[in-house]
There are 2 protein chains.
Amino acid sequence: MNESTDPLAIRFAALGDPTRLAIVNRLKERGPQSAGDLGDLADISAPAMSRHLKVLHRAGLVRRDVDKQRRIYSVEPEALQAIGSWSIGREEFWTASLDRLTTHLSPKE
Amino acid sequence: MNESTDPLAIRFAALGDPTRLAIVNRLKERGPQSAGDLGDLADISAPAMSRHLKVLHRAGLVRRDVDKQRRIYSVEPEALQAIGSWSIGREEFWTASLDRLTTHLSPKE
DNA sequence: TTGTTAATTAACAAACATGTTAATCGAATG
DNA sequence: CATTCGATTAACATGTTTGTTAATTAACAA
């Protein structure tokens, strides 16, 4: 399972942690926040929070702006849009899916 | 990090593995497939594939239909739509985000 | 300078994820 | 009935993630 070079999979993995998902939700709802501001989101140490932010940043999900001694994090909109495109794309398939299912099933007695 | 009861986080985590993302993409593109049909997607054993399918199923991302000795897997459309709604929702925020960023930064010298 | 604040990196333990092979189980086939 | 097929569960090794505390770095304030 070394193929983690797929950007979409990396993003999903980053969002798969509840704390990191909460971080992104917070940034979506309240706008840019410093690392310290996000501290009350989860009952974890500052280093742990810092690591989560690093994961989100390396996945391209959040942007980091350095302001003196603070790091201001904000959502990276294109990353979310890419996820949206993937998930709602090929919608025409969905309706056809269940029909196609029956072709795979044995006739009912 | 015990809060894994968030359904959205569970789904993202499931899609965060490259093999599982490939499985979902395959089901989206070609429609329902049996566990065996999906075997050529990754160079892993049948038990490993079976485990991935179980993760996807428990996350609500795929449906499993039993047909005699086969298990037919297909995409669970609402799950993908839920992800789409999350990712593209609150779009009005995005444009405002960068403006709000400046309010967090110190004046430039 | 000295001390405080914001955030990170380093080192390490515990928990989780993912892969393997062997064993199991029901359905199909000769 | 004995065997093969499709898929899963069991047991276990290994690598990755996530958390902790301690140390480090840079900016700020006295």
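Within every chain, numbering begins at 1; the chains are lettered A, B, ... in the order of the sequence lines, protein sequences first and strands thereafter.
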Ionic contact status for A/D40 with A/R26, cut-off 4.0 Å:
yes
Considering residues at least two apart in sequence or located in another chain, which fulfil the salt bridge (Lys or Arg N to Asp or Glu O under 4.0 Å) criterion with B/D43?
none
Minimum heavy-atom distance between B/M49 and B/I44, given as atom pair plus value:
N-CD1, 3.7 Å
Round to the nearest Å and state the distance from A/L38 atom CG to C/dT8 atom C1'.
15 Å
Spacing of B/I10 atom CD1 relative to C/dC16 atom P, expressed in whole Å
14 Å
For C/dA22, the nucleotide meeting Watson-Crick or G-U wobble distances (both under 3.5 Å) is D/dT9
Test: B/D6 and B/R11 ion pair at under 4.0 Å:
no
Using atom CZ of A/F12 as one end and atom C1' of D/dT17 as the other, report the distance to the nearest whole Å.
20 Å
Separation of A/I44 atom CD1 from C/dT8 atom C1', in whole Å?
14 Å
Reading 5' to 3' through nucleotides 6-11 of chain D, protein heavy-atom contacts under 4.0 Å coded B for base, S for sugar-phosphate only, - for none:
SSBB--
Closest heavy-atom contact between A/A42 and A/T19?
CB-CG2, 3.9 Å
Of the listed nucleotides C/dT18, C/dT20, C/dA27, the one nearest the side chain of B/K68
C/dA27
A/F12 and B/F12 aromatic ring geometry - parallel, tilted or perpendicular at 30°/60° bounds
parallel
